[in-house]
4 protein chains.
Amino acid sequence: MNAEPASCRRKEGRPKEILTAALQEFSINGFAGTRLEDVATRAGICKGTIYLYFKSKEELFVEVVRDRILPHIEQLENINERPEGTAKVLLRQQLTTIYQELLSTDARFIPKLIISEGSRFPELAQFYFEEIITRIHKVSQSIIARGVTAGEFRESALNWEQQAILGPALSAVIWITVFNEFEALDLDAYLKTHIDLLLHGLEK
Amino acid sequence: MNAEPASCRRKEGRPKEILTAALQEFSINGFAGTRLEDVATRAGICKGTIYLYFKSKEELFVEVVRDRILPHIEQLENINERPEGTAKVLLRQQLTTIYQELLSTDARFIPKLIISEGSRFPELAQFYFEEIITRIHKVSQSIIARGVTAGEFRESALNWEQQAILGPALSAVIWITVFNEFEALDLDAYLKTHIDLLLHGLEK
Amino acid sequence: MNAEPASCRRKEGRPKEILTAALQEFSINGFAGTRLEDVATRAGICKGTIYLYFKSKEELFVEVVRDRILPHIEQLENINERPEGTAKVLLRQQLTTIYQELLSTDARFIPKLIISEGSRFPELAQFYFEEIITRIHKVSQSIIARGVTAGEFRESALNWEQQAILGPALSAVIWITVFNEFEALDLDAYLKTHIDLLLHGLEK
Amino acid sequence: MNAEPASCRRKEGRPKEILTAALQEFSINGFAGTRLEDVATRAGICKGTIYLYFKSKEELFVEVVRDRILPHIEQLENINERPEGTAKVLLRQQLTTIYQELLSTDARFIPKLIISEGSRFPELAQFYFEEIITRIHKVSQSIIARGVTAGEFRESALNWEQQAILGPALSAVIWITVFNEFEALDLDAYLKTHIDLLLHGLEK
DNA sequence: AATGAATGAGTTTTCATTCAT
DNA sequence: GATGAATGAAAACTCATTCAT
């Protein structure tokens, strides 16, 4: 990949490469702690080139986060459209999807960035809140409502706070990005516990 | 407060004031994004004074976090030493304590700081991991084990990942520090859901 | 002057020193061509210090120019208030004052800066236009009107363009700041010519 | 204009277009403040192309100024060779020509550029001084001498400083390029004043 | 000849840290 | 102890210049 001369590269590739490199640096050092020179080095280009594609460090940051959030929004549309199966099955599916989405690839760094830089980029935090979190909550809430109607779940579950139900997923991402080097998370076991706990807790 | 002469202040007052101001600034802006001048202003002193008590910005940061973590460690010792009551009651007590500890006062900002700056201050992340997280997990694990032995809880719970069980608590702190302005968390309802979910999920 | 330690200097002196150094650099290199580091060096301080007193290079520039314009405004008030003498005498006085004001000290660089940077700092050009040029024109115009009324000057002079009458003064400053090294201007002779030309040209 | 293929353009067209565009940009922003990219855009070409015709930004600047000065030098030769008419008529002619030359087309920006960038390009200032200013002065001086000999003008005019006599012309260009947006110069009236003042001032 | 993406030196600006008072 | 002016290293950003196409 590095063998071919720079000028040979496809035009659209460049910004993508910068975004990827930037995501990694921002994830490690946060916004203020990241030096654009390091982003450039990681992307195999030089400082000034970043400014051919992004107006400023701030804009780059916003684009990095948006770029990783958007695919999830599309995924969420799909989750929404699966009406078959019992509520139990659906919930299990949803959780599995969330974990896969949340922890696959570079996307796992987004929550950390939102948490770290939310106060500097409130629009970004709001965007994430509205487009991701709120929508995930709506999906799980509708599944639970369905389960209650079908007599699968306890009625009291209708009033449950979705954050508390899905919270373990957020904790998992944080664990992976922050504490994994101290004690690696066994994701399968973790997901199994979450599902077991949730489904058994919902059951009549 | 400013009326009394500087020499009248109790010895530990000054550093404490700096730590408090620093915690607030660091929480909002992160480590790199925080200017010591702002910390000084918030503490009502001037920039240079910080260096009378702390060697560097890094040391200040470490002290800020340590200073807020240490009281929790003491609290944890106490939680450990309460053998009375059923496992169910104990677990309910532990969760309640955790939420109180985690979300009371300025301590709530520590998780966000650990998440944000963990890669820059790995010793701090490790310290938090070992002294707080690991120990909390041990406590809850022992209570669950006791509940299983007593026949209160399902046996399968012995293998549960503690992170998944206590994850909602971490999610709560994050929510409070990041998303609360978009949708305020009803902490009581949240805790109730967490307890209901967990206890019902553990029950035979 | 350099012998006394930096901290001994009077507080108000510092910004003034910077303004003086900046005026010199800006006069030579223009706005964009001036490096703040050179300004600092010339002022005997270091780069960062400038920012303790001026928000940005642009603000420094504006302050430099304003700072040199303002004294002239005060001078102009005085010129205005001299009703004694024939129009001829007054005009001779005014011209002499203008040349003294315009060519004394560092003030002589202001016209060059206004000319060079007027398009980048239009408010500054306007300020100079309104506060200096327009007012000088008004003064000379009123003297000429008085001379016509008194029968000293030709009536046609009432319609003269003031710029054309006072233009040689502007030319003199430019000459001094731009061409003086090629051919030094004999200011006394120049002023004498200007006065002779003007007064004889006005005479009936 | 963009319709015809590049290869159809006359050989000298391209550099001329660049010079024209560059003159405009340099006039507005000065040397340091001008970006070659803007020059290229204005010329309808792309950045790199400038370097096919000019070695560097400095060379481009020098060429821009030279290119606008040279035609005037030719004009001056002609002015010099008109021996018919009274000194009064000749002087009136010369002044009219100067104003036309100086204020027609893009040439009007040269004095501003010389004033602004004279210290960075001293050879250019010297060139302008020697080839334009000095020669204009010589012409007017010889006319005045002729007028004195012919008994048209006062003898004292022989010692007059030419700068003071022709200064209003320089002031006019500056006014046009700097202050015209605040108060438009009535060039005809201005020239009339200048001629009236000068001729009446020279008359016995 | 022309392009325009890429480079990297140079400049503005910030801010942790020092130190004379 | 406390101050806050001064420092200067470091980082964001710009733009003249190059060069593969």
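Quick note on labels: first sequence line is chain A, next is B, and so on, each numbered from 1. Below, each value reflects all heavy atoms present in this structure, side chains not excepted, and no hydrogens, waters or symmetry copies.
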Integer-rounded Å distance: F:dT14 P and A:Phe54 CZ = 15 Å
Distance-minimising heavy-atom pair for D:Pro15 and D:Phe54 = O-CZ, 4.2 Å
What nucleic acid atoms does B:Leu36 come within less than 4.0 Å of, heavy atoms only: base, sugar-phosphate, or nothing?
-> sugar-phosphate
Of the options A:Glu37, A:Gln24, A:Glu17, which is the one that meets A:Arg42 in a side chain to side chain donor-acceptor pair (under 3.5 Å)?
-> A:Gln24
Mind calculating the distance between CZ (D:Arg14) and C1' (E:dA1) to the nearest angstrom?
-> 9 Å
Establish, with yes or no, whether the OP1 or OP2 oxygen of E:dA2 is under 4.0 angstrom from a side-chain nitrogen or oxygen of D:Tyr53.
-> yes
In dot-bracket, 5' to 3', how would DNA chain F read with Watson-Crick or G-U wobble pairs under 3.5 Å, [ ] for crossing ones and | for pairs to another strand?
-> .||||||||||||||||||||
Between B:Phe31 and B:Phe121, ring centroids under 6.0 Å | yes
Map B:Ala32 and C:Phe31 onto DNA chain E by nearest heavy atom, then report which one ends up closer to the 5' terminus.
-> C:Phe31
Just checking B:Lys47: base, sugar-phosphate only, or nothing, at a heavy-atom cut-off of under 4.0 Å?
-> base
On DNA chain F, check which nucleotide each of A:Ser56 and C:Gly48 is closest to and give me the residue with the more 5' one.
-> C:Gly48
Give the rounded distance in Å between these two atoms: NZ of A:Lys57 and C1' of F:dT14.
-> 17 Å
Considering heavy-atom distances to DNA chain F, does A:Arg35 or B:Leu52 have its closest nucleotide positioned more toward the 5' end?
-> B:Leu52
Please figure out whether B:Glu58 or A:Cys46 has its closest DNA chain E nucleotide nearer the 5' end.
-> A:Cys46
Proximity to the side chain of C:Ile45 - top-ranked nucleotide from F:dC13, F:dT17, F:dT7 | F:dT7
Quick one: pull up CG in A:Asp67 and OG1 in A:Thr20 and give me the separation to the nearest 0.5 Å.
-> 7.5 Å
With sugar-phosphate meaning primed atoms plus P, OP1 and OP2, does C:Thr34 contact a base, only sugar-phosphate, or nothing at under 4.0 Å between heavy atoms?
-> sugar-phosphate
Tell me: CD of A:Glu25 to P of F:dA11, nearest whole Å?
-> 12 Å
Rounded distance in Å - CD1 (C:Ile18) to P (F:dA5) | 12 Å
Are any of C:Tyr51's side-chain N or O atoms less than 4.0 Å away from OP1 or OP2 of F:dT7?
-> no
If every non-hydrogen atom of A:Ile18 is compared with every non-hydrogen atom of A:Ala43, which pair is closest and at what distance?
-> CA-CB, 4.3 Å
Let me know the distance between CG of C:Leu60 and C1' of E:dT13, rounded to the nearest Å.
-> 13 Å
Quick one: closest heavy-atom pair of C:Leu19 and C:Leu60, and the distance?
-> CD2-CD1, 4.1 Å
C:Asn29 CG to E:dG10 C1': how many Å, rounded?
-> 15 Å
Could you state the atom-to-atom distance from CD1 of D:Ile50 to C1' of F:dT17 in whole Å?
-> 11 Å
Looking at D:Phe109, is D:Arg68 sitting on its ring face, NZ or CZ under 6.0 Å from the six-membered ring centre and within 45 degrees of the normal?
-> no
B:Gln126 meets the side-chain hydrogen bond (donor to acceptor under 3.5 Å, both in side chains) criterion, sequence neighbours left out, with B:Glu130
